[in-house]
Amino acid sequence: MAHDRPRALSGIQPTAGSFHLGNYLGAIRQYVALQETHDAFYMVVDLHAITVPQDPRELRANTRVAAAQLLAAGLDPDRCTLFVQSHVPEHAQLGWVMNCLTGFGEASRMTQFKDKSAKQGADRTTVGLFTYPVLQVADILLYQADQVPVGEDQRQHIELTRDLAERFNSRYGHAFTVPSAHIVKETGKIYDLQDPSIKMSKSASTPKGIISLLDEPKVSAKKIKSAVTDLDTVIRFDEENKPGVSNLLTIYATLTGTSIADLERKYEGKGYGALKTDLAEVMVDWVTPFRSRTQEYLDDPETLDNILAKGAEKARTVAAETLALAYDKVGLLPAKH
Ligand code: TRP
């Protein structure tokens, strides 16, 4: 299908309830920016969420919470297509075709799978988790996406997407756009506030190391103030030797749109306390309206569900066309209508 703007597509899991600062700065902020320049599709990936055990009621509630937060962060349903993955059945359908194109060894090399399955043990690891990246491939290819805004940790999954798109196209004839990862370097990775050698993440971070966007603002402020820094007191961006301070500077710069160089100048001769106090304030000023906007959507689930229904309808027109093309190329006999 011809489209004049480049396509962007991304997905985010609904599992945490509250998104964390790493989700926002690493990915969601990019979603918001790209809706101005791209034909953008964003989805809450509930089918990916069930690759690990979920409480059904919580999953359903968290899917709304995720969508509400995306809207609160600035996604505008008039300027992008926001939907829930399971509302568009073509994801599972193209996922199957992609499973049949993926090598077992190839899927076994996905580092996120290796990490997660090593933690859970083989018997508690589902086949769904194994093919998680392949479903992600289908998510992306269905929309002929040119760019995929994601955090640094998703690079390998985008590489797999490119490989499978090329494999399909050369085996069966052109059906898919080969997408690129869109990773904004500086903010691609936000680190844990207590252990800046690891990424801020729901699975790896301790509660003190992670800023949950829906927490009470004063809780978030306190976490910033007790972030781990290092022994000397100079405020300088140096990820190698001063990862804690550098992480705070990245957060500060991104939330305020200031350059790191300007921040270094501003805090010359001042200690970490001043930086942390100011950043805690920046944080509170950001999360306070974010929380209330999210709550407004959650208080009106009918409006929220209508936005998601419209999004799914828009998404399906694109997804159905791509799926029909892929089925045809593979040689599946079309059903007679
Ligand atoms: N695996 C992605 C993550 O954990 C989520 C995701 C699912 C996704 N489908 C996608 C991201 C499609 C980009 C495009 O962040």
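A quick note: this is a predicted structure, and the numbers were derived from the prediction, not measured. As the structure lists them, so they are numbered: ligands from 1, and atoms in each ligand from 1.
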Using a 4.0 Å cutoff against the non-hydrogen atoms of [X], which atoms of ligand 1 qualify?
X	result
L9	12 (C), 14 (C)
H48	7 (C), 9 (N)
V45	7 (C), 9 (N)

Atom 2 (C) of ligand 1 [closest protein heavy-atom partner, distance rounded to 0.1 Å]: Q154 OE1, 3.3 Å

Part of V150 with heavy atoms under 4.0 Å of ligand 1, whether side chain, backbone, both or neither: side chain

Nitrogen or oxygen of [X] less than 3.5 angstrom from that of ligand 1:
X	result
H157	no
S10	no
Q13	no
Q136	yes

Mutual orientation of the aromatic rings belonging to F130 and F104 [parallel < 30°, tilted 30-60°, perpendicular > 60°]: tilted

Under 3.5 Å side-chain donor-acceptor pair for Y252 and K266: yes

D76 and Q35: side chain donor to acceptor below 3.5 Å: no

Cation-pi geometry met for K116 and Y132 (6.0 Å, 45°): yes

